[in-house]
Q: 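I'd like to ask you about the structure that follows.
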Amino acid sequence: MNDPSHDPAPISDRYEPAAVEARWYPVWEKHGYFRPEMPSKKKPFSIVIPPPNVTGSLHMGHALDNTLQDIVIRMKRMDGFNTLWQPGTDHAGIATQVVVERQLAAEGKLKDDIGRDEFLYRVWQWKEESGGAIISQLKRLGASCDWSRERFTMDEGLSRAVREVFVRLHKQKLIYRDDYIVNWCPRCQTVLSDLEVEREERDTEFVYIKYGPLTLGTVRPETKLGDTGLAVHPKDKRYKKYVGKTLEIPSVDGTIRVKVVADAAVDPKFGTGVIKVTPGHDPTDFEIGRRHKLPIRTVIGFDGKMTAAAGTYAGMDRFETRKKIVEDMQALGLIDRIEPYRHAVGVCYRCKTVVEPLVSKQWYVNVKPLARKAVAAVRTGKIRIIPRGWVKTYYHWMNNIRPWCISRQLWWGHRIPAWYCERDDSVHVSTTDLTKCPKCKGPVRQDPDVLDTWFSSGLWPFSTLGWPDKTPELKTFYPTSLLVTGYDIIFFWVARMAMLGLHVMRDVPFRDVYIHTLIRDPEGQKMSKTKGNVVDPLVLMSKYGTDAVRLTMAGLAAPTVRDVRIAEDRLEASRNFANKLWNASRLVLSNLEGYDAAAAARVKPDLAARWLASRLAATVSDVRAALDTYRFSDAAATLYQFVWSELCDWYLEIAKVALYQTADPARRLATQHALVTTLESTLRLLHPFMPFITEEIWQRLPHEGDSIMIAPYPRASRRLVDRAAEREMAVVMGVVTAIRAIRGEMRVPPGVTLAATVKAAGAHVALLRAHAPLVESLARAACTIDPQATRPPSSALGVVGATEIYVGLEGIVDLAAERQRLEKEIRRADETIAFGRAKLARPEFAERAPADIVEKEREKVAAHEALRDKLVASLAWVG
RNA sequence: GGGCGGAUAGCUCAGUUGGGAGAGCACAGCCCUUACAAGGCUGGGGUCGCAGGUUCGAGCCCUGCUCCGCCCACCA
């Protein structure tokens, strides 16, 4: 790629992410690598982004979610799929409205002061001001979305989709209006869906009130004013005689009349077994009231204050009323007793205000029939939820689903496409704006409410692709291939998309759903601005580099984890890894003088090169297997281990010998070849995780193609797994490690070159002879391979399998240390022998265990017995 | 009241068909060996929450229990 912005500067020994990140993203975007081919013969692969709040800022959840999506989409793109990662943002109804209301409040204004149009203008303005932020933050993360297709839930096309679906569902009688008891937030002044109500444990009082001959307990004495009945269980003999009767009961406002009904909703074992029925202010009571035709008395208003129907309490706050009415009843002797009580109250998910159940007329979707299809889609495998554990949660929610209240008393959102005739009261639902009544031509006014934000996001997988038009994008990319999201919005979003996608498109919205963890702070607390424990991914990117953040995110995505704590040491490790990769590449790049790929390919690879190729093949295979099953953390760990331990710690050290000694040009060439090809493949394998650094290095290496982004993703090849090479390398590495261990434990000064005699047998003799120079350079020990060797005096013993190593130590160290070391080794051998013998001594083991397991155990014991003998014998040498 | 997840090294966490437990960080020793001290080599450290069961063999499978955490739910 000849890009003028890319100037290969002298390579620093520290990886500096900032410049590299700034360099490549614009290049990728400019070359159109993020865009799918249209049309294309390639197989499609698509992901729709969980749309972030348009006015929001990137948080750790986004960083995780989008890193995982980008890993998959980059991998699929490299794998030759026609990929689309569809981006966009959400208008986030209530969340955004609250922010703008707060801005107004700072000016001392309420939204009603400026009116709906002006308010909406302010929201749009706020959207324009802040709307670009999250997108540029996603770009900074490296997200390879097709930004030319960016959508917003309130843009024209998506709004058309929203109206179209609303009208269709209304025609099918799946959307309807109903007077029902709803969750009302007196602060936000809107109705909330069941999902938007959270439960909070609160300490309160359980007040036993006398109702004439009966006594009952309640936590909401203030709703007594709205009582229109009492209820007992049908089989409760204690109260049988009262059922059907209307009681006259002395109360705070004189005498009231309440009917006693029998209803199975009452738990006879709880409290006194009698409940007061307040259909206007309790969901259960509302249902009981419907069943028994009890009237509704609304005593608490939408403002959370008592209504005129509350008599002397009218205008008072509902919680003050609770205290006051208890005092008043106490004065009248109507309180039997009061007990402390702890229970869960419903609160608004946004402002934590206690929700007031109120009866009002709202729009609903009858989701029950849609839910059935959504369950079937998972059951039949058309939608695959990963990890499987979430399937049960999904089923449970779907199977117990209740009508979805979709109207909200907000201004910011999709206005409900319903018009009311002011003359004949008829209701009309339409995809186009109405100006007069279709029936009587009378004047109409549009429903002032807007739709639940999740209604439009529920259409996201097809609305973003152009529906209701029959676009090529829709045809190509629907159903989408994968959805990646956190478990917190399974119900809010995943479930709604499943239902609406299946209903409207007659096909699933996505094939795979990968549900990932939620990120918490180092103490396991949920991150929140009020707690001040928010870790900002942008800060982390600046501090550690984007690739390091991404690698860390991948490491967090393990299948069994629910919540994960973010601690900075993991980021440090990732940053160090990037630096390691950078420096390994520097070593390779600075030793390419005279490199000729064609000539190098003709040189037969040596053992180490074969071993490296074999390990790479295994790594490719493991990484692919992990990614295919969404085991991101396994993939990341596999790559980390390969690059650090095998490539850097072993092979680069081995390669130095050939690289720095020009005596054998063919070997130098072959080594260069192994380094270049392995590093190049490794970079491609690593690219989806760490896109920036891999591109930067790749461009400096000999490579084919314009960008690593569109280079092929490595394929595992059985041909390259070289078991013989791995076996033989294990012998060489074992000898090196054994000598190093002696060096380390004997405190041999690093400058000293040791003399080692290696007593090997069979094929190992030739093998070790051939690699003696390698051992010498890696372990700093001049090796003599001698099958007939005898133990020289004053030497330390190392044993690797059947091979013995004698390291001469005379005059170097005090041999008492060697004695200690040997004794420790003997203890270890003893333990292993004892364990193995005990195992083999049990007849059941020999008879029942598979033959290969038994044989292995036998070999292990024999080997350790031999080892022990050698160790004991060598103790004598030490003296 | 249902359902789910976790409990493994000092800390944070892996552990995919059951064969004597791993990583990163931290710790100890020795090294600024010309890719990298954000590094290298070597080493110490775990009754895998508790109790049973299945099995020749259990971190892994079954049962019960104890502590955390989460989700759902119309017992007021």
Q: Answer yes when A:Arg740 and A:Glu745 have at least one side-chain N-carboxylate O distance shorter than 4.0 Å, and no when they do not.
A: no
Q: Determine the interatomic distance between C1' on B:rG24 and the same-named atom on B:rG18; round to the nearest Å.
A: 27 Å
Q: Considering every strand shown, what is the Watson-Crick or G-U wobble mate of B:rC70 when both distances are under 3.5 Å?
A: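 B:rG3 - that is the nucleotide pairing with B:rC70, both distances being under 3.5 Å.
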Q: Is A:Lys856 close enough to B:rG19 that one of its side-chain N or O atoms is under 4.0 Å from OP1 or OP2 there?
A: no
Q: Please tell me if the side chains of A:Glu818 and A:Met746 come closer than 4.5 Å, counting only heavy atoms from C-beta onward.
A: yes
Q: Does a side-chain N or O from A:Trp644 land closer than 4.0 Å to OP1 or OP2 of B:rG40, or not?
A: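 Yes, because at least one side-chain N or O of A:Trp644 sits under 4.0 Å from OP1 or OP2 of B:rG40.
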Q: Taking the P atom in each of B:rU47 and B:rC30, what is the distance between them to the nearest angstrom?
A: 28 Å
Q: Go nucleotide by nucleotide along RNA chain B from the 5' end; which of A:Ala573 and A:Arg220 gets its closest nucleotide reached first?
A: A:Ala573
Q: What's A:Asp649 touching, base or sugar-phosphate or nothing? Going by heavy atoms closer than 4.0 Å.
A: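 Answer is sugar-phosphate: A:Asp649 comes under 4.0 Å of backbone atoms only.
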Q: Could you tell me the Watson-Crick or G-U partner of B:rG24, where both distances fall under 3.5 Å? Say none if there is no partner.
A: B:rC11
Q: Can you find a donor-acceptor N/O pair under 3.5 angstrom joining the side chain of A:Arg14 to the base of B:rA38?
A: yes
Q: Paired with B:rG64: which nucleotide, if any, by Watson-Crick or G-U wobble criteria at under 3.5 Å for both distances?
A: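 Across any shown strand, B:rG64 pairs with B:rC50.
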Q: Side-chain N or O of A:Tyr640 versus OP1/OP2 of B:rA14: is the shortest distance under 4.0 Å?
A: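 Negative; the distance criterion is not met.
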Q: Looking only at side-chain N and O atoms, does A:Asn576 come under 4.0 Å of OP1 or OP2 in B:rC36?
A: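 No, no such contact exists.
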Q: Looking for any heavy atom pair under 4.0 Å, which part of the strands does A:Gln641 touch: base, sugar-phosphate only, or nothing?
A: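 Sugar-phosphate contact only - A:Gln641 comes under 4.0 Å of backbone atoms but never of a base.
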Q: I want to check one thing: is the phosphate of B:rG40, taken as OP1 and OP2, less than 4.0 Å away from some side-chain N or O of A:Lys580?
A: yes
Q: Closer than 4.0 angstrom, basic N to acidic O: yes or no for A:Glu857 and A:Lys839?
A: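 So A:Glu857 pairs with A:Lys839 through a salt bridge.
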Q: Before giving the answer on salt bridge (charged side-chain N to carboxylate O under 4.0 Å, His left out), spell out for A:Arg322 and A:Glu205 the whole-Å C-alpha distance, their side-chain angles and the decisive distance to 0.1 Å.
A: CA-CA 10 Å; A:Arg322 181 177 300 174; A:Glu205 291 178 337; over 6 Å; no
Q: Go nucleotide by nucleotide along RNA chain B from the 5' end; which of A:Glu16 and A:His343 gets its closest nucleotide reached first?
A: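 Going by which nucleotide is closer to the 5' end, it is A:Glu16.
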Q: Answer yes or no for A:Arg337 and A:Tyr208: cation-pi contact, defined as NZ/CZ to six-membered ring centre under 6.0 Å and angle to ring axis within 45°.
A: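 Yes, A:Arg337 lies over the aromatic ring of A:Tyr208.
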Q: Kindly say whether, by distance alone, the side chain of A:Lys860 makes a donor-acceptor pair under 3.5 Å with the base of B:rG20?
A: yes
Q: Could you tell me how far B:rA7 sits from B:rC11 if I compare only their C1' atoms? Round to whole Å.
A: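 After rounding to an integer number of Å, I get 15 Å for this pair.
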Q: Please measure how far the P atom in B:rG40 lies from the corresponding atom in B:rC25, and state the result in whole Å.
A: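 Between the two P atoms, the distance is 9 Å.
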